[in-house]
Visitor: 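Shown below is the structure under consideration.
Proteins come first, then strands; the chains are lettered A, B, ... in the order of their sequence lines, and each starts at number 1.
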Amino acid sequence: MRIEENITASVVRAIKALYGQEVSENQVQLQKTKKEFEGHLTLVVFPFLKISHRKPEETAQQIGEWLKENETSVQDFNVIKGFLNLIVSSASWVALLRDLNADEEYGIVRSSEKSPLVMIEYSSPNTNKPLHLGHVRNNLLGWALANVLGANGNRVVKTNIVNDRGIHICKSMLAWQKYGKGETPESSGKKGDHLIGDYYVAFDKYYREEVKEITEKLIAQGVAPDEAKARAEQESPLMVEAHDMLVKWEQNDPEVRALWSKMNEWVYVGFNETYKALGVSFDKIYYESDTYLEGKEKVMEGLEKGLFYRREDGSVWADLTRKGLDEKLLLRADGTSVYMTQDIGTAKLRFRDFPINKMIYVVGNEQNYHFQVLSILLDELGFEWGKDLVHFSYGMVELPNGKMKSREGTVVDADQLVEEMISTARRTSEELGKFGDMSEDEKNEVARIVGLGALKYFLLKVDARKNMMFNPEESIDFNGNTGPFIQYTYARIRSVLRKAADAGFVVPEALLLDTEISLKEEDLIQHLADFRSTVRQAGEDYSPSLIANYCYDLVKEYNQFYHDFSILREEDQQKKRFRLVLSANVAKVLRLGMGLLGIEMPERM
RNA sequence: GGUUCGGUAGCUCAGUUGGAUUAGAGCAACGCCCUUCUAAGGCGUGGGUCAAGGGUUCGAAUCCCUUCCGAAUCACCA
């Protein structure tokens, strides 16, 4: 039973029968009737006026009559200007709910062997600092996007490229060597990623002091301020040492490599904890230290083919000016690779490992230009999916006083935030007396689910492309358009269903089509059925937020129903059965929808 | 300066192939509703020149142009 699809097809037949013209289903504008008018679905007839050669009202009237006559689900209609409001029969709605109830994974399209293989890269951290709120947004979006695409019949490979080498890592290493006194995660009690992050900050602090000192000295010697600063930045012994370390690293110096391995290992242990807390995972992790050499090879290949060119100093460039872009450096004069080189290398390894049809990069919008260039380069280098690679470009999380900057300490730490959310959830539950007779384990689990639900929903309900605001002063809400609001509704439904089950009432398969149902209930079924198209739309637009907003709207509507109608106390057994099935399916769709977002639902809260 | 993306209520955000005299939610404010299936809920009140101006048409927050404001980017950083 697919009411909307059926009526759309019937409209096509109606036009054919009435006016003798073929129209495509895309031309049929069938939308939800606005709530101030009577009806469920509304056909906009303006597009058909040229075919009917009649006034809007008349055309609508004719189509309405034809539908009432020939389309069983259309029970009645009314016409307002060019709008044909269709009233769908209760029996059709009940039949729709019956079908929906039979489908345990309504709205989800499973993949098969032949489905397209999509790879999603997300997270992609640097190993010199712990994850912050911006990374959290990335991780949650990547995870949700993978789920959404999976629910649209794609085979999905989740991947992570760890930026584990480069000058930034050397800075942390050097600072640890110089000031660390052998400190380890064990000795300090710090998470490994936090420990390393502290040394990254330390490096920056001492480096700045050095630069300041040298600059002043140079200025005293009569060097112009701008030039003095530039020279100081280059000459700073700390920076020189860091660069030396990077060169040694590339030369496989055993000592540097050993230090690098040890410190990265600390970071990974820390990251894995954070990933686990966030509930995200990867099918395949790539490390830049493995891929950057591949990139060099690929670039040399391109150089031989004449795609790129070499400058006098030996550096290799791509000239993209004919595409309206700049010239782009691919290899430095000393032969070391840059960011772009690494992404090319990673692409090569990925394609070797997986025969992917599509590649999606979940990376912040600050890198739009980079991916524009990468797409062109990969295409020219012969990657089939290069041209159509998707840069899932999401907006920054901004704080009231601007952007987050690790070095300036203005970051919202991921671990700390998760912890705070969970403890807030716990406190709220206690204050509201929701825990009842739960065991300590159950309490912890509820607090975890609700706290994370609040955080995840907060980040995922906003259109991914937009920058969003996070105010640490105001804690994330638990009321209104929030994760806990949706979870709460779910828990209430589950409670009702438990009570029904205790009374021996099993949610039955059989629904009677002649059940008398209210407008509110019809609307709920209609809304429920929309889940399928919402999932599809979210997949087409790469937009998890559509699912979040869908769940919110469904919950708003269900809560009104819950408030106005009795379920367990309904005396008419037929109605009671219907309402139980309706509620069970609202819960089911909420669980599926929120599940796509990576948000768990509590049985009680 | 070039390019890209944004600007909707005091605040945070919906509004997706252009559709209905009255542009929606939540938060915050102020009221009302628990001896009744979980009140993390429901109902109500106030709050808007959809940045500004022009254009396209039966019809524009939505499409086009101009201007203003904001962000990102245009690195031998990743």
Visitor: For N128(A), give me all partners under side-chain hydrogen bond (donor to acceptor under 3.5 Å, both in side chains), at least two apart in sequence or on another chain.
Guide: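 N128(A): no side-chain hydrogen bond (donor to acceptor under 3.5 Å, both in side chains) contacts found.
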
Visitor: If the sugar-phosphate is the primed atoms plus P, OP1 and OP2 and the base is the rest, what is the B/S/- string for nucleotides 24-29 of chain B, using protein heavy atoms under 4.0 Å?
Guide: -SSS--

Visitor: Taking only residues two or more places apart in sequence or in another chain, which ones pass side chain to side chain contact (heavy atoms under 4.5 Å, CB included) with L432(A)?
Guide: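 Here the qualifying residues are T428(A), K434(A).
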
Visitor: Going by side chain to side chain contact (heavy atoms under 4.5 Å, CB included), name the residues that satisfy it together with S533(A), two or more places apart in sequence or in a different chain.
Guide: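 For S533(A), the residues satisfying side chain to side chain contact (heavy atoms under 4.5 Å, CB included) (neighbours in sequence not counted) are D530(A), R536(A).
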
Visitor: Test of understanding: with side-chain hydrogen bond (donor to acceptor under 3.5 Å, both in side chains), list the residues that count as partners of T59(A), not counting sequence neighbours.
Guide: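 Counting only residues at least two positions away or on another chain, T59(A) forms a side-chain hydrogen bond (donor to acceptor under 3.5 Å, both in side chains) with S52(A).
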
Visitor: What does the list of N/O pairs under 3.5 Å between the protein and nucleotides 8-11 of chain B look like, with a distance for each?
Guide:
none

Visitor: Could you pull out all residues at least two apart from K520(A) that satisfy side chain to side chain contact (heavy atoms under 4.5 Å, CB included)?
Guide: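 Result, side chain to side chain contact (heavy atoms under 4.5 Å, CB included) vs K520(A): S518(A), E557(A), Q560(A), F561(A), F565(A).
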
Visitor: Collect all protein-nucleotide pairs involving nucleotides 72-78 of chain B in which both atoms are nitrogen or oxygen and the distance is under 3.5 Å.
Guide:
| residue | atom | partner | partner atom | Å |
| --- | --- | --- | --- | --- |
| C74(B) | O2' | D326(A) | OD2 | 2.5 |
| C76(B) | N4 | D313(A) | OD2 | 2.6 |
| C77(B) | OP2 | R332(A) | NE | 3.3 |
| C77(B) | OP2 | R332(A) | NH2 | 3.4 |
| A78(B) | OP1 | R332(A) | NH2 | 2.9 |
| A78(B) | O3' | E288(A) | OE1 | 3.0 |
| A78(B) | O3' | E288(A) | OE2 | 3.2 |
| A78(B) | O2' | N126(A) | OD1 | 3.1 |

Visitor: State whether the side chain of W260(A) and the backbone N or O of D164(A) hold a donor-acceptor pair below 3.5 Å, judged by distance alone.
Guide: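 Such a contact is found between W260(A) side chain and D164(A) backbone.
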
Visitor: Do nucleotides 30-39 of chain B as a string where each nucleotide becomes B, S or -: B if the base has a protein heavy atom under 4.0 Å, S if just the sugar-phosphate does, - if no protein is that close.
Guide: ------BBBS

Visitor: What do you reckon, do F485(A) and the base of G41(B) stack, with centroid distance below 5.5 Å and planes below 30°?
Guide: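 So F485(A) does not count as stacking on the base.
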
Visitor: Knowing that exactly one of L43(A), L41(A), N78(A) qualifies, which makes a side-chain contact (heavy atoms from CB on, under 4.5 Å) with N85(A)?
Guide: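 Exactly one pass, corresponding to N78(A).
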
Visitor: Which pairs count as salt bridge (charged side-chain N to carboxylate O under 4.0 Å, His left out) when at least one residue sits in residues 459-469 of chain A, sequence neighbours excluded?
Guide: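 Listed once each, the pairs are D463(A)-R465(A).
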
Visitor: With sequence neighbours left out, write down each residue that passes side-chain hydrogen bond (donor to acceptor under 3.5 Å, both in side chains) with T336(A), or none if nothing qualifies.
Guide: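 Expected list: R332(A), D334(A).
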
Visitor: Tell me every residue that passes side chain to side chain contact (heavy atoms under 4.5 Å, CB included) with H135(A), counting only those two or more places apart in sequence or in another chain.
Guide: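 For H135(A) the side chain to side chain contact (heavy atoms under 4.5 Å, CB included) partners, ignoring immediate neighbours, are L131(A), H132(A), N139(A).
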
Visitor: Using a heavy-atom cut-off of under 4.0 Å over every strand shown, decide if L546(A) touches base, sugar-phosphate, or nothing.
Guide: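 L546(A): base contact, heavy atoms under 4.0 Å.
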
